[in-house]
Amino acid sequence: MIEIKNLHVSIGERKILDGLNLTVKDGEVAAIMGPNGTGKSTLSYVISGREGYDVTEGEVLLDGENILGLEPHERAAKGVFLAFQYPVEIPGVATMTFLKAAVNAQRRSRGEEELQTPDFMKLIREASTKLGINMDMLKRALNVGFSGGEKKRMDILQMSLLQPKFGILDETDSGLDIDALRIVSEGVNALRSPNRGFLVITHYQRLLDYIKPDTVHVMAKGKIQKTGGPELALELEKSGYRDYVGEAA
Amino acid sequence: MTVQAIDKKSEAETAFAGAFEAMKGKGAPALRQASWEFFTRKGLPTRRVEAWHYTDLRASLRTVAPLGAPGAITLPPTTLGRVRLVVADGAFRPDLSDVASLPAGVELSSLADVLAKEDASVLTALGLPENAGADAVIALNAALMQDGVVLRIAPATEVAETIEILLLSSGGEACSSFTRSLVIVGDGAKAKIVETSLALSPSGAQENHVLAFAIGAGAEVEHIADIGPQSESAIRLFSLLITAQAKAAFKSLGFVEGGGLVRRQIFARLAGEEASVSLDGISLLGGKDHADTTLVVEHAAAHCQSRERFRSVLDGQSTGVFQGKVVVRPGAQKTDGSMQSRALLLSENATMNNKPELEIFADDVVCGHGATCGRLDADQLFYLVARGLPKHEAEALLIEGFAGEIVEALGEEAVRDIYFERIRSWLGKRGGAK
């Protein structure tokens, strides 16, 4: 379970999150919707530990433990996973090398034995097959020359290898056509489980046709403005964010 | 190029006269004399010589160490079963070399013997290619050359074994050495030559090495210049001269692992149609290392191809230099040239100087160049740490990827493994980024 309590975040002088509260239970898929520039991506970066954000107040608890003081790799080992809006290309680093390094770094961090190559290969072969990823692709440099859909699929592959407690999907639908969107959503849905929570950040209702949320939260002006069920997303699609942006916008 | 009139000789320039006195009777008197006069006119290069702008040799080389002499040496084991020829502190050492296991079709002489016998064909090849003619360091080498190896590879011979020229510095008392080696590759022959600069123990050695390749028509050469670590006080100058005839191919990797002042200068001349040259380089620098790669590729014939890809990783207070010039002579139509130098700065105090140049005197050519200089990418770094890699491991993976793209181009897996391992071991020594 992740609990975000009274979170205040600034970049330099600029306040981005202004007392945000949000709880996502294990097994729950929570969607955050909101207009551009309301701090949705900031929230995902702050949870996963990116540098450059000043947390001035509040806490982020993962299963009761405040993770804000931890390094990003320690948060990852504890089960935080961020699927990026734009997965980064890393020339010169073979995808397979990276995947093995990531899996084993997390295992080390948790005090577990590292996976030996045959075990790792077995794991990766299974996970890749499920997502329709060709093993040859894993020999190529990470995300270099991959299409938008392939990059997102690669992120989902990582999620299925790393088996996080809490997954954040940051505008996963950006740059995806309908077919790619379906494949990626199926990958996410396959990972839904009673002991794993998801936070799905999106502008559009469309993604939520594929990944059905349990709760929907409207975010504007640095905090959650309204919480409801899936019907709230449909309502937003009709009326827009006007009611939440208010006079200050 | 600017020629600077030097009013007064530096202490080092004066000291070289003593070395010339010792060497001038050791064969090739005319070449030595002419080279010496050329050197004394020009003096040691300073910042005012354009090709040496970022490496002020005159300021760095204050005193001259005595000439090296043969002594007892314990060799490290050979690498990958290479046929090893040892040139230690300036002298070819047949006693330490795999002379008996030279492959068929390869003829070996020591430079000292060739000079003593005044072998005209070799002396002509030893002369400077046109585009290297103005360099004072190569002239100094010709005036003072002590020894080296001369390899002749018979036409149409495919040499399977890799031949390693091991330029050894035994350490202890700093000494200077001037070696010149020559590889004459017959038409249609194939050869793999590795040039390794190794210090058995660190010293302020002053080394001036020339390695020249005369590559016959249709011949193929793979070359590695492996410049290992040395003391911060060492001064090491490596000149690589290449003349490629029609359809000849020369492919090279320079791997520089710091060690005092290192200057690699490469003069490649594509003399016959459809010749090609590919020059790759990796420099891993830290501490106060200074490594300069300055190259000139001259397209003297039509339909030739040249590729240069250099990557520098700079940590500590190190300085990197890349100067590359591609010259396309009139008539060298359909030239295809591309040059790229990229640098990764890991520390606030590291410096990179990048200067790519094109000089094109033909109108139907495709030539391009690019140079970049930057830090580790914050987005890439965050991507990796967000997946669970500790920061120093994420940095190491990115740096390995940056340099490793060049290693990937090597043909033999066992050789690629060596250089990946060298990169990892360098990364292991540096620890986390500052």
Side-chain angles (χ1 to χ4, degrees), chain A residues 44-53 70-95 97-110 112 139-144 151 154-155 157-159 161-164 167-168 170, chain B residues 253 280-282 284 309-313 340-344 346 370 372 374-410 413 416-417 419-424 426-428 432-434:
Chain A
S44 67
Y45 284 143
V46 169
I47 297 171
S48 46
R50 184 159 193 162
E51 285 176 3
Y53 299 91
L70 301 178
E71 294 292 322
H73 73 274
E74 295 169 322
R75 301 184 197 196
K78 287 194 182 288
V80 174
F81 183 95
L82 171 63
F84 285 72
Q85 184 176 2
Y86 299 108
V88 183
E89 296 190 7
I90 306 192
V93 177
T95 306
T97 308
F98 156 71
L99 293 174
K100 190 165 180 228
V103 167
N104 279 335
Q106 292 206 11
R107 294 180 72 93
R108 267 202 314 280
S109 195
R110 292 192 293 259
E112 299 165 10
K139 292 179 190 154
R140 288 164 55 190
L142 182 59
N143 291 331
V144 177
K151 286 179 186 173
M154 203 51 80
D155 253 23
L157 172 67
Q158 291 164 31
M159 185 160 22
L161 286 174
L162 296 168
Q163 294 284 322
I168 306 165
D170 187 6
Chain B
L253 169 71
D280 283 354
I282 297 171
L284 304 176
R309 294 191 306 162
F310 284 78
R311 300 272 163 102
S312 307
V313 180
Q340 187 197 60
S341 165
R342 292 175 56 192
L344 187 55
L346 303 178
T372 62
R375 303 187 175 282
L376 283 170
D377 183 274
D379 289 332
Q380 293 180 345
L381 210 47
F382 178 64
Y383 192 84
L384 297 180
V385 295
R387 291 293 174 263
L389 293 167
K391 193 171 174 217
H392 68 272
E393 240 180 87
E395 287 175 351
L397 198 60
L398 290 179
I399 300 164
E400 186 185 320
F402 176 79
E405 276 194 295
I406 302 295
V407 178
E408 287 291 351
L410 290 168
E413 190 181 355
R416 287 200 296 272
D417 288 347
Y419 289 103
F420 274 120
E421 199 41 53
R422 288 272 290 279
I423 294 169
R424 282 180 207 127
W426 185 84
L427 287 168
K434 278 130 256 173

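FYI, side chains are in, hydrogens and waters are out, and symmetry mates aren't considered; it's all heavy atoms of this structure. Just so we're clear, the structure is a prediction, and the values are computed from it rather than from any experiment.
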Pairs of heavy atoms under 4.5 Å with chain B: top-ranked of A/Ala77, A/Ala141, A/Pro91: A/Pro91

Residue part contacting chain B, namely of A/Ser48, when any heavy atom lies under 4.5 Å: both

Non-hydrogen atoms of B/Pro390 and A/Ala105 that approach each other most closely: CD-CB, 4.0 Å

Per-residue contact mode, B/Ala403 against chain A (heavy atom under 4.5 angstrom): neither

Close side-chain approach of B/Leu397 and A/Thr97, heavy atoms under 4.5 Å: yes

Under 4.5 Å from a heavy atom of chain B, the part of A/Leu142 involved: side chain

Pick from B/Arg387, B/Glu400, B/Glu408, B/Glu405 with the largest number of heavy-atom pairs that fall under 4.5 Å of chain A: B/Arg387

Residues, nucleotides or ligands: over 12 heavy atoms within 6.0 Å of B/Glu413 CD: no

Per-residue contact mode, A/Pro164 against chain B (heavy atom under 4.5 angstrom): neither

Mutual orientation of the aromatic rings belonging to B/Phe382 and A/Tyr45 [parallel < 30°, tilted 30-60°, perpendicular > 60°]: perpendicular

Spatial distance of atom CG (A/Asn143) from atom OH (B/Tyr383) [nearest 0.5 Å]: 4.5 Å

Within 6.0 angstrom of A/Glu51 CD, more than 12 heavy atoms from elsewhere: no

Under 4.5 Å from a heavy atom of chain B, the part of A/Ile90 involved: both

Top contributor to chain B contacts, counting heavy-atom pairs under 4.5 Å, from A/Gln106, A/Lys78, A/Glu74: A/Gln106

Option in A/Met159, A/Arg75, A/Gln158 with maximal non-hydrogen atom pairs under 4.5 Å from chain B: A/Gln158

Interatomic spacing from CG in B/Asp379 to CZ in A/Phe84 - rounded to 0.5 Å: 8.5 Å

With A/Arg108 via salt bridge (Lys or Arg N to Asp or Glu O under 4.0 Å) - residues at least two apart: A/Glu114, B/Glu393

